[in-house]
Enquirer: 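Attaching a single structure in structure tokens format; questions to follow.
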There are 2 protein chains.
Amino acid sequence: MNKIKESPAPSPASKESLRLWLRILKVQRMVEAELRERLRVEFDTTLPRFDVMSALYRYRDGMKMSELSRALKVSNGNVTGIVDRLAEDGLALRVPVPGDRRAAMVRLTKRGIETFEAQAAAHEVWVHEALGGLEGEESAMVARMLDHALTEGDDDAE
Amino acid sequence: MNKIKESPAPSPASKESLRLWLRILKVQRMVEAELRERLRVEFDTTLPRFDVMSALYRYRDGMKMSELSRALKVSNGNVTGIVDRLAEDGLALRVPVPGDRRAAMVRLTKRGIETFEAQAAAHEVWVHEALGGLEGEESAMVARMLDHALTEGDDDAE
DNA sequence: GAGAAATATTTCAAGCTTGAAGGTTTAAGC
DNA sequence: GCTTAAACCTTCAAGCTTGAAATATTTCTC
């Protein structure tokens, strides 16, 4: 394994963005790998399932499939499968929407809520363990700057 | 869709880490979706293929499969499939390692190198377009702080 | 109100991803 | 040297993910 010198440098500014991007990717992958592993070992679940449940937990009275996929920024067909499996396990269920026979609301079951609450508490601790190297002030600043880095398309603010 | 108020707050510090994590995730997903789409439309390829080729481009004289999976932080079996497909397309190839009949070196073909160079140039521009909202100094600072946020396990520095 | 366009969801094929299990080859310990 | 452990890679099943195509329903337009 012999590292080769970089090729010609196209633009200083874009090189800097690229460096930042690679750093973001590195942090994201490390943290995500940790979370995935822990969710698997301690709760026998997966990150996508956790993400879906997290969204459903926030919107306690249910979300439409399309809202769910938009909130998670994943494809439509994707959530179908995940919700299917959550439903099989009795953690979520589809309820028909009164005025619209195309749509379906998805919501956590009672068991789904309880299950998620346990997972979420652990999840928060894990994230802090993985990412706690910054003081509160720094952490907030990085978050702010990251938001600012997105040049556009920053929809659905929290 | 009716947003429900947050549940009890476990710890201020971990809440702050969680906020940062969600922000990182948001940025990562937006940029990645953009890159994936562009790679698909303009080069008929995928992000994982690009990642593998990127690693092989840096280590021009080849990497072992295990080095590749370690560098990309993905599982062993994963790269097997991706390299298979790259090889089918004539972009990469496996060469036996003289002293070790278990291992195989993977390297880009001439065509693989040319293909990647075109993709990489476009990729860098795309990243800058997506993430160029920060001045060079800020960008570098965020990168530095992100690195610092990882409390441990920060191996293979660049 | 009939037809066209828009919306909501599912299905599907292809590819990505993981963790575990299996096969081969090499290195270590005795 | 022989056995055991380690390293390298592939295969496999299950699940995730996408984009496109198919269905069904609703809304718009004339």
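Chain letters run A, B, ... following the sequence lines, proteins first, then strands; residues in each count from 1. As a basis for the values below, the full set of heavy atoms in this structure was taken, side chains included, without hydrogen atoms, waters or symmetry mates. Since we're looking at a predicted model, the values are computed, not measured.
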Enquirer: If the cut-off is 4.0 Å, is B:Lys64 near the phosphate of D:dC8, judged by side-chain N/O to OP1 or OP2?
Expert: yes

Enquirer: Name the residue closer to the 5' end of DNA chain D, choosing between A:Asp100 and A:Gly77 according to the nucleotide with the nearest heavy atom.
Expert: A:Gly77

Enquirer: Which whole-number value in Å describes the distance from B:Met63 CE to D:dC9 P?
Expert: 11 Å

Enquirer: Does A:Ser66 make a side-chain N or O approach to OP1 or OP2 of C:dT9 shorter than 4.0 Å?
Expert: yes

Enquirer: Any idea which of C:dT26, C:dA8, D:dT26 is nearest the A:Arg101 side chain?
Expert: D:dT26

Enquirer: CG of B:Asp51 versus C1' of C:dG15: gap in Å, rounded?
Expert: 14 Å

Enquirer: Take atom CZ of A:Phe50 and atom C1' of D:dG15, then tell me their distance rounded to the nearest Å.
Expert: 18 Å

Enquirer: Nearest-Å distance, CG (A:Leu68) to P (C:dT9)?
Expert: 10 Å

Enquirer: I want to check something: taking the side chain as every heavy atom from C-beta on, are A:Leu146 and B:Gln28 in contact at a cut-off of under 4.5 Å?
Expert: no

Enquirer: C:dT18 P sits how many Å from A:Leu39 CG, rounded?
Expert: 15 Å

Enquirer: Identify, between B:Val97 and A:Ser75, the residue whose nearest nucleotide on DNA chain D lies closer to the 5' end.
Expert: B:Val97

Enquirer: Would you say a side-chain N or O of A:Arg85 is under 4.0 Å from OP1 or OP2 of D:dC16?
Expert: yes

Enquirer: Please classify the nucleic acid contact of B:Ile82 as base, sugar-phosphate, or nothing, using heavy-atom distances under 4.0 Å.
Expert: sugar-phosphate

Enquirer: The side chain of A:Glu37 lies closest to which of these nucleotides: D:dT10, C:dG19, D:dT18?
Expert: C:dG19

Enquirer: Given D:dC16, is OP1 or OP2 found less than 4.0 Å from the side-chain N or O atoms of A:Asn78?
Expert: no

Enquirer: Less than 4.0 angstrom between a side-chain N/O of B:Arg40 and OP1 or OP2 of C:dC16, yes or no?
Expert: no

Enquirer: Using a distance-only criterion (donor-acceptor N/O pair, under 3.5 Å, no hydrogens), is the base of C:dT7 paired with the side chain of A:Arg102?
Expert: yes

Enquirer: In plain terms, say whether A:Arg49 and A:Asp44 are close enough for a salt bridge, that is, a side-chain N and a carboxylate O under 4.0 Å apart.
Expert: no

Enquirer: Out of C:dC16, C:dT11, C:dA8, which nucleotide sits closest to the side chain of A:Thr80?
Expert: C:dT11

Enquirer: Identify, between A:Ala33 and B:Arg49, the residue whose nearest nucleotide on DNA chain C lies closer to the 5' end.
Expert: B:Arg49

Enquirer: Between B:Glu16 and B:Arg19, is there a salt bridge with N-O shorter than 4.0 Å?
Expert: yes

Enquirer: Where each residue is assigned the nucleotide of DNA chain C containing its nearest heavy atom, which of B:Val79 and A:Met65 is assigned the position nearer the 5′ end?
Expert: A:Met65

Enquirer: Within this structure, what is the NZ-to-C1' distance between B:Lys73 and C:dG19, rounded to whole angstrom?
Expert: 19 Å

Enquirer: State whether B:Glu137 and B:Arg144 are salt-bridged, where the test is any N-O pair (Lys NZ or Arg NE/NH1/NH2 against Asp/Glu carboxylate O) under 4.0 Å.
Expert: yes

Enquirer: At under 4.0 Å, does any side-chain N or O of A:Arg29 touch on OP1 or OP2 of C:dT17?
Expert: no

Enquirer: Between A:Glu129 and A:Arg38, is there a side-chain N and carboxylate O pair less than 4.0 Å apart?
Expert: yes

Enquirer: Where the side chain of B:Arg36 is concerned, which of D:dT10, C:dC16, D:dT18 is the nearest nucleotide?
Expert: D:dT18

Enquirer: C:dT9, OP1 or OP2 - any side-chain N/O from A:Asn76 closer than 4.0 Å?
Expert: no

Enquirer: Is there a side-chain polar atom (N or O) of A:Thr46 under 4.0 Å from OP1 or OP2 of D:dC16?
Expert: yes

Enquirer: C:dG19 C1' sits how many Å from A:Leu47 CG, rounded?
Expert: 16 Å

Enquirer: Kindly check if the number of other-residue, nucleotide or ligand heavy atoms within 6.0 Å of CD (A:Glu42) is above 12?
Expert: yes

Enquirer: Could you tell me the separation between the CG atom of A:Asp44 and the C1' atom of D:dG15, rounded to a whole number of Å?
Expert: 12 Å

